[in-house]
Number of protein chains: 2
Amino acid sequence: MPYDPSAFPPFAVTVDLVVLTVRRHALCALAVRRGEPPFQGRWALPGGFVRADEDLAQAAARELAEETGLRVHDPAVPAQDNGAHLEQLATYGDPKRDPRMRVVSVAHLALAPDLPAPRAGGDASNARWAPVEELLQQGGYGRDGEPLAPLAFDHAQILADGVERARSKIEYSSLATAFCPPEFTVGELRRVYEAVWGVALDPRNFHRKVTGTPGFLVPTGGTTTRQGGRPAQLFRAGGATLLNPPMLRPEV
Amino acid sequence: MPYDPSAFPPFAVTVDLVVLTVRRHALCALAVRRGEPPFQGRWALPGGFVRADEDLAQAAARELAEETGLRVHDPAVPAQDNGAHLEQLATYGDPKRDPRMRVVSVAHLALAPDLPAPRAGGDASNARWAPVEELLQQGGYGRDGEPLAPLAFDHAQILADGVERARSKIEYSSLATAFCPPEFTVGELRRVYEAVWGVALDPRNFHRKVTGTPGFLVPTGGTTTRQGGRPAQLFRAGGATLLNPPMLRPEV
DNA sequence: GTGTTTATCGTCAGGCAGACGACTATGATC
DNA sequence: GATCATAGTCGTCTGCCTGACGATAAACAC
C-alpha cells in the first residue's frame with residue numbers, strides 16, 4: 001500500500017478531555033460552553049487541535065493545563081502527588097461527527113482532586129463542573145433551572161465511556177486516590193468510591209479492605225477531624241497501582 | 001477556538017490491526033511484510049488508510065476482511081458465531097512514528113479462531129502467523145532461521161499493548177471463546193487460556209469454573225474425541241459476556 | 001488386557017467478602 | 001458537664017470461591 005499523498009484524505013485530529021472530579025458527594029465532569037457554531041451555546045467537553053509537533057498525550061496535557069491549570073502526574077515520581085491522572089480513553093471518528101469537516105478525536109480521561117473553580121480563558125461562566133448524571137441526562141432542567149440540552153457533537157458518548165472507564169478502573173487499581181488530595185482519610189477515599197459508583201459502602205468492610213491491601217495506603221502519622229467525629233488517620237497513596245484482589249462494586 | 005481550516009495541521013489517519021489467534025498451543029499474531037520503504041522487507045502489522053467516508057470501526061473491519069477474509073462478529077447476533085471479535089485498542093500519534101508524514105494510527109484488536117492460512121493479496125510469503133514472543137523479541141533467529149528484526153514503525157509497542165489487552169480481557173469476559181471454533185470442548189478452551197497466558201492451568205479447577213459460571217458455556221449435546229482420550233462434551237459460547245467473579249490468571 | 005491420554009466428579013482447607021456488633025474519640029447541644 | 005450525634009476502628013461469623021489434589025470414566029494404541 002503506497003503512501004501516495006494524494007491517496008489518503010486529510011483529517012483534523014483533536015483531543016477531547018473527560019475531566020472527572022468528586023464534588024459534594026457527586027461525580028462531576030468539566031464542561032465548557034461553545035462560543036461559536038456548530039452547537040453554539042451548548043455545553044461540550046474541553047478539547048482542541050493537536051499541533052503539528054505534538055504527541056497525543058502532550059496535546060491532552062496541554063489542554064488540561066489550559067482549562068484547569070492542572071499539571072499531569074508524572075509516573076516517574078510516584079510518591080509525589082504532583083498533579084492529575086491522565087490516560088488515553090478512546091478515539092472517535094465517525095465521518096459525520098463534526099458537520100464541517102472530517103475530525104478524528106482522541107479522547108482522554110483525566111482524574112483530579114476537587115478544584116477551586118474552573119477557568120476557561122478566565123471566563124468562569126463558560127466553564128463549570130457538572131454532575132455527570134446531569135450532563136448525560138436529556139431534557140428537564142438542571143439544578144440552576146437551566147434547560148438541559150445534550151452535549152455537543154458525540155460528547156455524551158465520550159463522557160459516558162469515560163465515566164464507565166473510571167468506574168471500572170477504580171475496582172482493580174489505586175486510581176481512586178487521584179480524586180483525593182495528597183493526604184486523605186479512609187473515609188474520604190470511601191466517599192470517592194461511593195460518589196463514583198453511586199452506591200453506599202460499608203465503612204467497616206471498606207476500611208478493612210483498603211488498609212489490608214499492601215502498598216495501597218501509607219499512613220502519614222497525622223490525623224484530622226475535618227469530617228467531624230472521631231479523628232481519622234491520614235494516608236498518602238502507596239506505590240501499588242494494581243489491587244489484587246480487586247475491590248468489586250456491589251452488583252445492582 | 002475557531003475551526004479555521006488553516007489553523008490545524010492535516011493528518012493522515014490509519015488503522016493498524018493486532019490480529020491474534022491460537023495455533024499449536026501458541027498465541028500468534030498476523031504479520032505482513034512491507035513491500036516498500038520505509039522499513040522495506042520488515043514485518044509489520046496489517047493496516048491501511050481510513051477512507052473519507054468510513055468510520056474507524058468500518059475501516060478496521062474492511063482491513064481485517066482484506067487480510068484474512070474474516071467477517072466481524074455482529075453483536076446483534078450473539079448466538080451465531082459469524083466471525084471474529086474486533087475492538088478498538090488505542091491510538092498512536094507520535095509525530096515521528098512515521099518518518100514521511102504525520103500519521104495517527106488507530107489500532108484495533110481482533111481475536112479469531114485458528115485459520116487455514118493468511119492471505120495478503122494472494123501472496124502467502126508476505127503474510128504469516130507468528131508467535132507473539134517471536135515478533136516482540138529482538139535479535140536472534142526465528143523458527144525458520146530467518147533473522148529476527150523488530151517490527152516496523154512502533155508496531156512492537158502496538159502488538160505488546162494488544163497482547164496485554166487480550167491477556168487481561170479474557171480474565172473477566174467470555175472473550176476467550178472468540179479464539180475457538182463455533183463448537184469446542186472445555187479442554188480446548190483451557191488450552192486457549194494456557195496459550196494466551198503462557199501458563200498451565202489445573203484441568204479440574206478450570207472445568208469447575210467455566211461450567212459453573214452461568215451463561216458462559218451452553219452444551220450442544222454432542223461430544224468429540226478429536227483431542228484424544230475420553231470423549232468431551234461440546235459447547236457453544238453462551239450469552240454472558242462478563243465473568244463474575246473473574247477468572248484470574250495465576251500470579252508469577 | 002495394559003498403558004496412555006483426556007475428561008469429569010469430589011473433597012478439603014484457606015482466603016476473602018458481606019453482614020453486623022462493639023467500642024472510641026471528637027464536636028454540638030442542652 | 002452530661003448527653004447526643006457523628007465518624008472511625010477493631011472483631012466476629014458465615015458463606016462462597018479457589019487452589020491443591022485424589023479418584024473415576026471413556027476413549028485409543030499396542
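Per chain, numbering begins at 1; letters A, B, ... match sequence-line order. Hydrogens, waters and symmetry mates are skipped; everything else that's a heavy atom, side chains included, is used.
- Rounded to whole Å, atom P of dT18(D) lies 9 Å from atom CE of Met247(B).
- A straight line from CD of Glu194(A) to C1' of dA7(D) spans 12 Å, rounded to a whole angstrom.
- The CZ-C1' distance, from Phe184(B) to dT6(C), rounds to 17 Å in whole Å.
- At distances below 3.5 Å, not a single donor-acceptor pair connects side-chain atoms of Thr21(B) with backbone N or O atoms of Cys28(B).
- Atom CG of Leu201(A) is separated from atom P of dG18(C) by 9 Å (rounded to the nearest Å).
- Among the nucleotides dC16(C), dA7(C), dG8(D), the one closest to the side chain of Ala232(B) is dA7(C).
- Atoms CZ (Arg249(A)) and C1' (dA17(C)) sit 17 Å apart, rounded to a whole Å.
- As a whole-Å value, the separation of Asn244(A) CG from dG15(C) C1' is 13 Å.
- Here Lys209(A) does not reach the OP1 or OP2 of dC16(C): none of its side-chain N or O atoms lies under 4.0 Å away.
- Within 4.0 Å of Arg226(B), counting heavy atoms only, lies no atom of the nucleic acid at all.
- Comment: Arg249(A) engages Glu164(A) in a salt bridge, judged by a side-chain N to carboxylate O separation of less than 4.0 angstrom.
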- Summarise how protein sits on nucleotides 19-30 of chain C as a single string, 5' to 3': B when a protein heavy atom is under 4.0 Å from the base, S for sugar-phosphate-only contact, - for no contact. BBB--BBB----
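- The side chain of Pro203(B) sits closest to dT8(C) out of dT8(C), dT18(D), dG8(D).
- Trp129(A) does not carry Arg24(A) over the face of its six-membered ring by the limits of under 6.0 Å from the centre and within 45° of the normal.
- For the atom pair Leu30(A) CG and Leu70(A) CG, the distance stands at 9.5 Å (nearest 0.5 Å).
- As rounded to whole Å, 15 Å separates atom C1' of dA26(D) from atom CG of Leu234(B).
- Side-chain atoms of Asp161(B) and Tyr92(B) include a donor-acceptor pair closer than 3.5 Å.
- OP1 and OP2 of dG8(D) both lie 4.0 Å or more from every side-chain N or O belonging to His207(A).
- A distance-only check finds no donor-acceptor pair linking the side chain of Arg236(B) to the backbone of Pro182(B) [under 3.5 Å].
- One interatomic measurement links the two molecules: CZ of Arg191(A) to P of dT6(D), which rounds to 13 Å at whole-angstrom precision.
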- Worked verdict on Leu217(A) versus Leu189(A) for side chain to side chain contact (heavy atoms under 4.5 Å, CB included): CA-CA 10 Å; Leu217(A) 299 183; Leu189(A) 183 63; 4.2 Å; yes
